[in-house]
A.B. asks: 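Please read through the structure below; I'll follow up with questions.
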Amino acid sequence: MPRPLVWFRRDLRADDNTALLAAAERADDGLVALFVLSPGEWRAHDDAPVKIDFWLRNLANLSQTLQSLHIALLIETADTPADIPARVRDVAHRHGCTEVHANREYEVNESRRDVAVRAALGLPFHLHDDRVLLPPGRVRTQSDTAYTVFTPFKRQWLTVLAAAPPVPRPAPHPLRPVAGLQPAVIPQNIDGFSSPMDPALWPAGEGVAARRLAEFIEQSILDYRLGRDLPALHGTSQLSPYLAAGVISPRRCLAVAREANRGLFAGGLEGPDTWISELCWRDFYTHVTVAFPRVSMGRAFRKETDAVPWRDAPAEFARWCAGETGFPLVDAAMRQLHATGWMHNRLRMLVAMFLTKDLLIDWRQGERFFMQHLVDGDLAANNGGWQWSSSTGTDAQPYFRIFNPYTQATRYDPEGTFVRRWVPELRAWSTKALLSMEKLSASERRRLGYREAMVDHAAARARTLAAFKGE
Ligand SMILES: Cc1cc2nc3c(=O)[nH]c(=O)nc-3n(C[C@H](O)[C@H](O)[C@H](O)COP(=O)(O)OP(=O)(O)OC[C@H]3O[C@@H](n4cnc5c(N)ncnc54)[C@H](O)[C@@H]3O)c2cc1C
């Protein structure tokens with residue numbers, strides 16, 4: 001009789017989990033669940049301690065949910081990625097499993113790992129598409145190539161979605177238990193990944209994610225088109241850590257957004273329409289990493305930008321990392337990242353552009369720093385965002401479009417609320433003073449308790465234009 005093994009990876013939920021549901025349908029003789037702790041792989045991928053801590057807390061939660069379905073979640077540890085196939089094989093054989101199910105991970109290293117697992121297992125290994133709304137390969141141009149520009153991708157994405165709308169499915173019913181099998185204790189800490197961050201910032205669990213989604217739909221989605229650009233507000237869902245760890249499914253998100261959008265994927269109301277577009281960006285960047293694997297191997301999508309003479313400037317990079325640039329909104333954003341593991345999208349674009357255009361420092365350094373600090377770090381979205389901001393990627397900003405950090409502050413933090421929240425040395429400043437910072441001399445800034453601007457924006461802009469033009 002079939003007894004499947006479900007190997008959880010970045011899909012830490014029971015609700016609408018494609019691999020779990022497929023396995024449950026075949027579990028005549030019970031079902032075994034597994035998660036492999038893989039610190040060597042996490043280190044190699046620069047996964048942030050705050051993210052690993054979030055995963056562990058979600059695993060504990062998942063284990064409880066699975067127990068209520070009579071499924072025991074087992075834990076194995078693989079010190080290096082090369083150890084993973086043997087760990088999965090051993091668990092499957094030890095517990096008499098007849099097949100293995102997992103949701104597909106599309107990145108290069110993960111795909112190679114799964115090839116090795118398949119070879120080691122000696123059992124059927126079923127990989128399911130679950131992570132994005134439409135799997136890579138399903139949205140192609142008329143000439144059967146991958147899209148490299150978002151707008152036509154989205155048009156086709158909407159057509160495919162409308163033809164077969166994905167329907168979220170609930171967790172399986174309780175199964176027949178595997179006799180004598182007890183769930184493992186989930187560790188609270190992994191060496192090298194202890195997070196100093198307050199866990200209450202990112203509470204774990206499918207219930208939390210579902211409530212967050214419901215609150216966002218009730219309170220913010222209608223104003224999202226404008227609200228999403230104002231970091232001082234809670235105008236976005238803050239669901240990214242939950243989506244990245246798979247604590248909530250994108251199909252669940254799409255289904256409720258569609259309901260709030262008069263039943264439409266597009267052409268309904270401006271807020272929900274725009275939010276559904278963000279889910280499409282998430283799909284788009286995943287499709288790009290599969291179609292153009294070089295982007296996840298540290299290479300630019302636009303090969304010609306390999307010639308940009310990025311500056312080797314460790315002291316300047318360190319100031320950017322620390323949020324000590326002397327540009328209030330950039331500093332506030334970097335400090336938000338350090339304090340919470342998360343940064344608002346408008347500010348991710350601003351700080352990425354500041355690093356690559358004002359400091360002319362290689363986008364790969366920023367991409368890596370983000371991964372090392374983000375609770376929602378995701379290779380495809382992070383790489384896409386960095387390459388967009390640095391004008392090296394698909395859909396990239398043209399290199400001559402460079403955000404002015406002062407103008408961005410006036411436009412997106414017009415009362416200085418966000419800056420005062422995160423930069424204590426500016427808390428007592430009037431809004432007028434904050435927004436005319438550009439005109440203050442270095443000595444005036446010092447007198448008022450804020451450091452000098454680390455670059456002259458106009459001169460930096462000219463330097464970058466010349467660098468991109470190859471002058
Ligand atoms: C330089 C840079 C780096 C980024 N790194 C990451 C990352 O590592 N992980 C990550 O999830 N997002 C990343 N993003 C995209 C975006 O900033 C975050 O997804 C968003 O800020 C998360 O907040 P939210 O959940 O409130 O988003 P909402 O505005 O509520 O959007 C809903 C969901 O859509 C998805 N989404 C939204 N915008 C984007 C986008 N531009 N690209 C891809 N997916 C998107 C996210 O899953 C998000 O949770 C990055 C953007 C930039 C510019």
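For ligands, and for the atoms within them, numbers begin at 1 and follow the listed sequence.
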A.B. asks: Can you list the atoms of ligand 1 that are under 4.0 Å from a heavy atom of Leu239?
C.D. replies: 25 (O), 49 (O)

A.B. asks: Has ligand 1 got any nitrogen or oxygen that is less than 3.5 angstrom from a nitrogen or oxygen of Trp281?
C.D. replies: no

A.B. asks: What about His344: any of its N or O atoms under 3.5 Å from an N or O on ligand 1?
C.D. replies: no

A.B. asks: How close does the nearest protein non-hydrogen atom get to atom 30 (O) of ligand 1, and which residue and atom is it?
C.D. replies: Ser237 OG, 2.6 Å

A.B. asks: Note the single closest protein heavy atom to atom 12 (N) of ligand 1, along with its residue, its atom name and the distance in Å.
C.D. replies: Ala381 CB, 3.5 Å

A.B. asks: Whether Arg113 and Glu105 form a salt bridge (side-chain N of Lys/Arg under 4.0 Å from carboxylate O of Asp/Glu) is what I want to check.
C.D. replies: yes

A.B. asks: At less than 4.0 angstrom from any non-hydrogen atom of Gln238, what atoms of ligand 1 do you find?
C.D. replies: 24 (P), 25 (O), 26 (O)

A.B. asks: Numbering the atoms of ligand 1 from 1, which are under 4.0 Å from a heavy atom of Arg282?
C.D. replies: 43 (C), 44 (N), 47 (O)

A.B. asks: Are any of the N/O atoms in Asn345 less than 3.5 Å from those in ligand 1?
C.D. replies: yes

A.B. asks: Which ligand 1 atoms does Ser240 reach within 4.0 Å, using its non-hydrogen atoms?
C.D. replies: 11 (O), 22 (C), 23 (O), 25 (O), 49 (O)

A.B. asks: Cut-off 3.5 Å, side chains only: do Asp331 and Tyr450 have a donor facing an acceptor?
C.D. replies: yes

A.B. asks: Keeping the roles fixed (side chain from Thr417, backbone from Asp413), state whether a donor-acceptor pair exists under 3.5 Å.
C.D. replies: no

A.B. asks: Ignoring hydrogens and geometry beyond distance, is a side-chain donor-acceptor pair present between Thr80 and Asp83 at under 3.5 Å?
C.D. replies: yes

A.B. asks: How does Thr236 reach ligand 1, if at all, at less than 4.0 Å between non-hydrogen atoms: by side chain, backbone, both, or neither?
C.D. replies: both

A.B. asks: Within ligand 1, which atoms have a heavy atom of Met349 less than 4.0 Å away?
C.D. replies: 53 (C)

A.B. asks: Indicate yes or no for a side-chain donor-acceptor contact from Glu206 to the backbone of Asp15 under 3.5 Å, with no hydrogens or angles considered.
C.D. replies: yes

A.B. asks: Should you measure from each heavy atom of Trp342, which atoms of ligand 1 turn up under 4.0 Å away?
C.D. replies: 22 (C), 23 (O), 26 (O)

A.B. asks: Is the side chain of Arg282 donor-acceptor paired with the backbone N or O of Ala381 at a distance under 3.5 Å, no angle test?
C.D. replies: no

A.B. asks: For Gly377, is the nearest heavy atom under 4.0 Å from an atom of ligand 1?
C.D. replies: yes

A.B. asks: Can the ring centroids of Trp157 and Phe265 be said to lie less than 6.0 angstrom from one another?
C.D. replies: no

A.B. asks: Which protein heavy atom lies closest to atom 50 (C) of ligand 1, and at what distance to 0.1 Å?
C.D. replies: Arg348 CD, 3.6 Å

A.B. asks: Hey, does the Lys NZ or Arg CZ of Arg9 hover above the aromatic six-ring of Trp7, less than 6.0 Å from the centre and inside 45° of the axis?
C.D. replies: yes

A.B. asks: For atom 36 (N) of ligand 1, what's the nearest protein heavy-atom neighbour? Residue, atom name and distance, please.
C.D. replies: Glu278 O, 3.6 Å

A.B. asks: Which residue and non-hydrogen atom of the protein lie closest to atom 3 (C) of ligand 1, and at what distance in Å?
C.D. replies: Asn382 OD1, 3.3 Å

A.B. asks: Is any side-chain N of the basic residue among Arg228 and Glu278 closer than 4.0 Å to the acidic one's carboxylate O?
C.D. replies: yes

A.B. asks: For Tyr285, take its heavy atoms, then give the atoms of ligand 1 lying under 4.0 Å from any of them.
C.D. replies: 42 (N), 43 (C)

A.B. asks: I need the nearest protein heavy-atom contact for atom 2 (C) of ligand 1: residue, atom name and distance, please.
C.D. replies: Gly385 CA, 3.7 Å

A.B. asks: Would you indicate whether Asp312, at its atom CG, is surrounded by more than 12 heavy atoms from other residues, nucleotides or ligands within a distance under 6.0 Å?
C.D. replies: no

A.B. asks: What protein heavy atom sits nearest atom 31 (O) of ligand 1, and how far away is it?
C.D. replies: Trp275 NE1, 3.4 Å

A.B. asks: For atom 8 (O) of ligand 1, what's the nearest protein heavy atom and its distance?
C.D. replies: Asp378 N, 3.0 Å

A.B. asks: For Phe301, is the NZ or CZ atom of Arg294 found under 6.0 angstrom from the centre of its six-membered ring and inside 45 degrees of the ring axis?
C.D. replies: yes

A.B. asks: Any non-hydrogen atom of Trp388 lying under 4.0 Å from ligand 1?
C.D. replies: no

A.B. asks: Which ligand 1 atoms does Tyr224 reach within 4.0 Å, using its non-hydrogen atoms?
C.D. replies: 28 (P), 29 (O), 31 (O)

A.B. asks: Would you kindly say whether Ser277 and Lys154 are connected by a side-chain donor-acceptor distance under 3.5 Å?
C.D. replies: yes

A.B. asks: Can any side-chain N or O of His128 pair as donor or acceptor with the backbone N or O of Asp130 at less than 3.5 Å?
C.D. replies: no

